[in-house]
There are 2 protein chains.
Amino acid sequence: MTTPATRTSPRKRTSNGLTAQIGADEIGLDALIGHAGYAVRRFQIWIFQDFIRTLGEVDIRPTQYSVLTVIGANPGLSQMAVAKRLGIERARLVHLLDSLEQRKLVKRIKSKSDRRSHALHLTAQGETALAKFKRLAAEHERHVEDKIGKANRERLLQILAGFT
Amino acid sequence: MTTPATRTSPRKRTSNGLTAQIGADEIGLDALIGHAGYAVRRFQIWIFQDFIRTLGEVDIRPTQYSVLTVIGANPGLSQMAVAKRLGIERARLVHLLDSLEQRKLVKRIKSKSDRRSHALHLTAQGETALAKFKRLAAEHERHVEDKIGKANRERLLQILAGFT
DNA sequence: CGCAATTGTTGTCGTCAACAACAATCTTCC
DNA sequence: GGAAGATTGTTGTTGACGACAACAATTGCG
């Protein structure tokens with residue numbers, strides 16, 4: 001937990017001779033505390049690890065989940081549209097869909113109105129699978145609540161609503 | 001950042017129009033909204049990009065900045081201690097320090113008390129450089145304030161304080 | 001002393017963002 | 001109607017990053 005945030009300057013003389021070995025929990029972060037990016041990075045690592053662990057039994061990672069969710073809610077989207085909406089490179093989405101298609105969760109249907117693009121749909125298997133994924137994702141979300149508190153999670157979502 | 005330049009393809013329905021092409025901003029996220037992880041991921045991408053851009057003139061990335069800050073505040077630390085404190089693999093820290101040492105910002109001093117380890121220090125050049133980095137980082141932090149609001153940034157730091 | 005643990009290092013593997021190039025196809029404009 | 005330009009999906013490369021495994025040198029402990 002390492003909460004002694006009030007520590008200021010734990011430096012011990014080391015300039016030439018003996019090296020002062022300090023425990024990791026005694027090291028001052030100084031300017032790092034107060035940087036939103038640092039806190040957000042650490043939190044994002046934690047939250048992704050919990051997501052990956054909670055959905056480990058179904059082998060679904062956060063990005064895969066977001067793709068499935070968007071396709072499920074908007075059948076027929078093109079790869080370009082999905083990529084743009086989720087902030088994923090379309091080059092990257094190709095591999096993601098290759099994987100999901102091999103697992104029979106998604107299918108690419110050649111669009112007749114624009115033969116360059118594919119209309120993305122969930123398979124029947126994908127629909128039922130996504131339902132299970134959503135239950136597990138909800139469980140993960142409860143872990144977040146346990147970690148930072150229900151009210152804080154709500155506030156967090158509210159603060160960051162503009163980025164979704 | 002959900003690039004503002006992606007204002008493309010305002011077309012919505014092709015002439016024969018079987019497949020409905022929708023603009024990216026009209027796509028429903030459904031279950032994705034309400035997931036803390038998704039919002040945090042998008043926010044983290046935005047904040048890192050702004051950090052990288054704001055400190056682009058000095059070519060310092062977030063991880064490099066965190067390493068320099070910790071060493072600056074705690075001279076003489078071993079690589080192990082820095083890695084543990086920042087949640088970086090010690091294997092990864094090797095390359096980070098190689099780069100920073102080549103740029104004459106950091107020096108590894110062989111510890112006499114434990115000849116396995118190195119005591120990490122900023123060079124004189126590193127000290128003055130870090131001062132400049134901190135000014136630019138503060139500017140970046142103001143961008144965050146502009147984006148989500150001063151009060152929200154404070155609240156965010158408070159909520160995520162346990163992860164630093 | 002001898003053996004386990006630690007430290008820095010090297011290497012591999014997989015994820016992810018950012019680009020670049022390309023063929024097929026569509027749109028636009030002359 | 002047709003050439004020129006843009007878009008879509010695809011392949012490939014690069015670099016940052018996290019996770020692991022193995023290794024030599026060194027330390028610490030039984």
Side-chain angles (χ1 to χ4, degrees), chain A residues 18-19 21 23-24 41-42 44-49 51-53 59-67 77-84 86-99 101 108-120, chain B residues 1-3 5-17 19 21 23-24 41-42 44-49 51-53 56 59-67 77-84 86-101 106 108-120:
Chain A
L18 306 177
T19 309
Q21 289 292 358
R41 166 177 166 261
R42 298 296 295 254
Q44 202 246 344
I45 290 174
W46 180 89
I47 210 170
F48 264 51
Q49 281 175 346
F51 188 99
I52 292 169
R53 185 158 27 86
D59 192 27
I60 288 290
R61 317 191 93 258
T63 310
Q64 294 175 314
Y65 179 77
S66 70
V67 170
L77 283 186
S78 70
Q79 298 185 194
M80 194 62 208
V82 171
K84 216 178 285 182
L86 291 178
I88 302 174
E89 296 258 339
R90 68 186 198 277
R92 169 149 178 63
L93 188 59
V94 172
H95 302 296
L96 282 168
L97 288 175
D98 285 348
S99 162
E101 205 171 23
R108 286 186 250 221
I109 299 179
K110 310 189 75 169
S111 167
K112 292 196 168 60
S113 59
D114 185 342
R115 285 152 57 207
R116 292 170 302 179
S117 66
H118 295 152
L120 302 175
Chain B
M1 75 171 79
T2 329
T3 76
T6 52
R7 202 69 212 108
T8 53
S9 81
R11 63 107 160 61
K12 183 166 196 171
R13 211 159 297 268
T14 45
S15 42
N16 59 4
T19 316
Q21 293 284 6
R41 167 179 166 262
R42 296 298 294 255
Q44 202 246 343
I45 290 174
W46 179 89
I47 210 170
F48 263 51
Q49 282 176 346
F51 188 99
I52 292 168
R53 184 158 29 84
D59 191 29
I60 287 291
R61 316 190 97 260
T63 310
Q64 295 174 314
Y65 179 77
S66 69
V67 170
L77 283 186
S78 71
Q79 297 185 195
M80 194 62 207
V82 171
K84 213 176 289 179
L86 290 179
I88 302 174
E89 297 259 338
R90 66 186 198 278
R92 169 144 181 65
L93 189 59
V94 171
H95 302 297
L96 283 167
L97 289 174
D98 285 349
S99 162
L100 294 175
E101 206 171 21
V106 167
R108 287 187 252 222
I109 300 180
K110 309 189 76 168
S111 166
K112 292 195 166 62
S113 59
D114 184 343
R115 283 152 59 206
R116 292 171 303 180
S117 66
H118 294 152
L120 302 175

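Labels below follow one simple rule: chain letters A, B, ... track the order of the sequence lines, proteins then strands, and each chain is numbered from 1.
Under the 4.5 Å side-chain criterion, counting only non-hydrogen atoms from C-beta, A:Leu97 is not in contact with A:Val82.
For A:Arg61, the side chain to side chain contact (heavy atoms under 4.5 Å, CB included) partners are A:Ile52, A:Gln64, not counting sequence neighbours. Partners of A:Arg42 according to the side chain to side chain contact (heavy atoms under 4.5 Å, CB included) rule, which considers only residues two or more places apart in sequence or in another chain, are A:Tyr38, B:Phe163. The side chain to side chain contact (heavy atoms under 4.5 Å, CB included) check on B:Arg116 picks up B:Asp114, with sequence neighbours excluded. Contacts of B:Glu101 classified as side-chain hydrogen bond (donor to acceptor under 3.5 Å, both in side chains), with partners at least two apart in sequence or in another chain: B:Arg108.
Rounding to whole angstrom units, CG of residue A:Leu97 and P of C:dC16 are separated by 14 Å. The distance from atom CZ of A:Phe48 to atom C1' of C:dA17 is 13 Å, rounded to the nearest whole Å. Remark: C1' of C:dG11 and NE2 of B:His95 are 8 Å apart, rounded to the nearest angstrom. Here D:dT11 presents its C1' atom at 11 Å from CG of A:Asp98, a figure rounded to the nearest Å. As a whole-Å value, the separation of B:Ile52 CD1 from C:dC19 P is 11 Å. Counting to the nearest Å, the P atom of C:dC26 and the NE2 atom of A:His118 are 12 Å from each other. B:Arg53 places its CZ atom 15 Å from the C1' atom of C:dA18, with the value rounded to the nearest Å.
Comparing D:dG9, D:dA16, C:dG8 by their nearest atom to the side chain of B:Arg61 picks out D:dA16. Of the candidates C:dT10, D:dG9, C:dT7, the closest approach to any side-chain atom of B:Ser117 belongs to C:dT7.
The overall bend of the helix from C:dC1-D:dG30 to C:dC30-D:dG1, read as the angle between its terminal helix axes built from five base pairs each, is 20° when rounded to 10 degrees.
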Handout entry: Reading 5' to 3' through nucleotides 18-26 of chain D, protein heavy-atom contacts under 4.0 Å coded B for base, S for sugar-phosphate only, - for none
Key = SBB-B--BB

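Residue order along DNA chain D, read from the 5' end via each residue's closest nucleotide, puts A:Val94 first among A:Val94 and B:Leu96.
An OP1 or OP2 oxygen of D:dA16 is reached within less than 4.0 angstrom by no side-chain nitrogen or oxygen of B:Gln64.
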